[in-house]
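Report on the structure given below.
In what follows, every chain begins at residue 1, and chains take the letters A, B, ... in the order their sequences are listed.
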Protein chains: 2
Amino acid sequence: MTLSDSLSKHENELTALDILSRTKMLVHPALVAATQRLGPELQPLASHQLSTGGKYVRACLALLSASAAGADEQVGLVGALAIEFVHNFSLIHDDIIDNDVTRRHQPTMWAKYGVGPAIIVGDALSTLAFQLLLDEATVERVGAARCLADAVQAMILGQAQDIASEDQPSLSVEECLRMEAGKTGALLACAASIGAILAGADDDDVKALSEYGDHLGLAFQATDDMLGVWGEPSVTGKPVGNDLRLRKKTLPISIAYAKGFDVFAESASSLDEELSDADVAEAMVLLDDCGARYETLELAEEELRAAIAALDRAPLASTARDELTVIARYVIERDK
Amino acid sequence: MTLSDSLSKHENELTALDILSRTKMLVHPALVAATQRLGPELQPLASHQLSTGGKYVRACLALLSASAAGADEQVGLVGALAIEFVHNFSLIHDDIIDNDVTRRHQPTMWAKYGVGPAIIVGDALSTLAFQLLLDEATVERVGAARCLADAVQAMILGQAQDIASEDQPSLSVEECLRMEAGKTGALLACAASIGAILAGADDDDVKALSEYGDHLGLAFQATDDMLGVWGEPSVTGKPVGNDLRLRKKTLPISIAYAKGFDVFAESASSLDEELSDADVAEAMVLLDDCGARYETLELAEEELRAAIAALDRAPLASTARDELTVIARYVIERDK
């Protein structure tokens, strides 16, 4: 039995928020300090991006990953910074691509500063991540930089698949999972193992942590897809059934499609416009009735269990393993 | 006396085109092969980008840099690939930022595939450059990756300064040179030294080659700025005085400004529109009369001499040094 099993949902959340707040106190000032390398034209934009918040889940995994391998969590700090910079780079570029004007209740980078500056500052943060890791020429640092480069490439491919899916009538469950593994899982897997890589851990430890991250990524994304349809508008800050409205090809849609229900094709709204309120309501009922909601939830929980089970396949330090479990549960049990 | 001194302009050009064509035969197939790592959604876009041509000057410098340090030029190949991918990434993103719809007589990436896919494929090529260098965990590879990351960051800063300059009434000569050193010089300096770094050369060799690249970058950019105003439209494919028309704050403008002539403020066209034909013609006369044309040309030649002189500050292999000299002269003597 893990620490997390013995905690109620509420207790788990409080413990997770504690761990994340400890992470933020360590990581945020170091992130701001690192942006000083960017020069006066870019530093204010990078600062603005960092000031918009974020949960620091990825940074947290990077620090815990070092502790899990028996090192001080400070050993994972440069990895945590690199991962957070890459995450912010991806948010900035994704917001341009998706034409999103607000994120975390604030204007997105491109909406505030223009597309050109937003492209540039994203490029700068991505590059800064590699500069930080390559500051020292050790085998551990190269390993960490390679892990990050591969994860970034997988993340970019997932985003490319997402763009390509807009022109496809539907995605199979497998295609949808592959896209989500790329978009979210790859960077989480790198975050969850980069601290161990920096600590010079055995391949087995690195592999177990990376698999934890892969499964957590799918659990995270399935949860996101649930909230995108059934999230409480007053909590998520988005309208009822927002992902349906925008015709996003998420997991519940693919699961329904596999059962013979083409949610978007069956709606009365024409193919190039948003779904109407009536169509959204009807689609929500359809997804519930055919079991797609239940199966998405089940998939998230299965992936959560697989993530936690992966941690048991290597002799990791027990405190860090417990905290990784708490964070994993928190990611699935969140409501926004 | 170097090989290049004994060649006429025409002979130098023929020798340079020989070296560049040898480079392309080696580098182009390897570039195409490397794009196979990108996945089916991105590979066709990357192939399209590589098929649009380019002179392979940067790749050539990377290969010669390995030979200059006494190694086989194959040692520089991975560096040449990484540099070319970064160069293409910067072209793709710059074309979005500058709203340019054609390059090398073909539609730009964003004009052909859309802004989202163009951002993504640029990100993928930049990341691919680091993946290639980090494929092997040696001290030389880390050094090369670090050199590249620093150069990319300097290039991005130069681009940010260029964007910021649009809102400034004028740039001093110093500001203009700093921006151009970033936009062009940093990547050329990395290209000219990355082969030597990969060959494990002494710091002195690397420094000499890097300084050659820095000076070549300024010579290259001053030449570009000359061609942007006085280039022959039938050769450059752009209208007479194109950079003036677009109010670009290039070197001749800054030199004239330092002499008390504010070229754009003095034109009759209003500040937010392109210069009229009459204003362009008048500005060209003004730049000629105040000596800005002559001084820009002189600066290009000074930087060319400084680039070649830098090569004499280290014991480089003589054939490679001669070829670096030929390439440097070619870059300055080109007419498009």
- Query: Using a cut-off of under 4.5 Å for heavy-atom pairs, which of A118(B), G39(B), G116(B) has the most such pairs with chain A?
  - Reply: G116(B)
- Item | Max heavy-atom pair count under 4.5 Å with chain A, selected residue of D123(B), V139(B), I120(B) | D123(B)
- Message: Below 4.5 Å, heavy-atom pairs only: which of V115(A), L45(A), I97(A) has the largest tally toward chain B?
- Response: I97(A)
- Top residue by heavy-atom pair count (under 4.5 Å) with chain B, among G114(A), G143(A), A149(A), S126(A)? A149(A)
Under 4.5 Å heavy-atom distance to chain A, tell me which part of [X] shows up: side chain, backbone, both or neither.
X       : answer
I96(B)  : side chain
D94(B)  : neither
A164(B) : side chain
L128(B) : both
I163(B) : side chain

- Query: Once you round to the nearest 0.5 Å, how far does CD1 of I119(A) lie from CD1 of I119(B)?
  - Reply: 4.0 Å
- To the nearest 0.5 Å, how far apart are CZ in F130(B) and CG in D150(A)? 13.5 Å
- Item | Residues L134(A), L134(B); criterion side chain to side chain contact (heavy atoms under 4.5 Å, CB included); working and verdict | CA-CA 11 Å; L134(A) 296 168; L134(B) 295 168; 4.2 Å; yes
- Q161(B) side chain to E41(A) main-chain N or O, any donor-acceptor pair under 3.5 Å? no
- Stepwise side chain to side chain contact (heavy atoms under 4.5 Å, CB included) check, Q153(B) with R37(A): CA-CA 9 Å; Q153(B) 197 63 271; R37(A) 285 165 77 146; over 6 Å; no
- Task: Applying side chain to side chain contact (heavy atoms under 4.5 Å, CB included), run through L157(A) and L38(B) and close with a yes or a no.
- Result: CA-CA 7 Å; L157(A) 183 60; L38(B) 291 181; over 6 Å; no
- Intermediate values then yes/no, side chain to side chain contact (heavy atoms under 4.5 Å, CB included), E136(B) and V142(A): CA-CA 9 Å; E136(B) 290 175 22; V142(A) 194; over 6 Å; no
- Query: Taking the inter-plane angle between the rings of H93(A) and H93(B) on a 0 to 90° scale, is it parallel (under 30°), tilted (30 to 60°) or perpendicular (over 60°)?
  - Reply: perpendicular
- Can you tell me if CD on E174(A) sees more than 12 non-hydrogen neighbours from other groups inside 6.0 Å? no
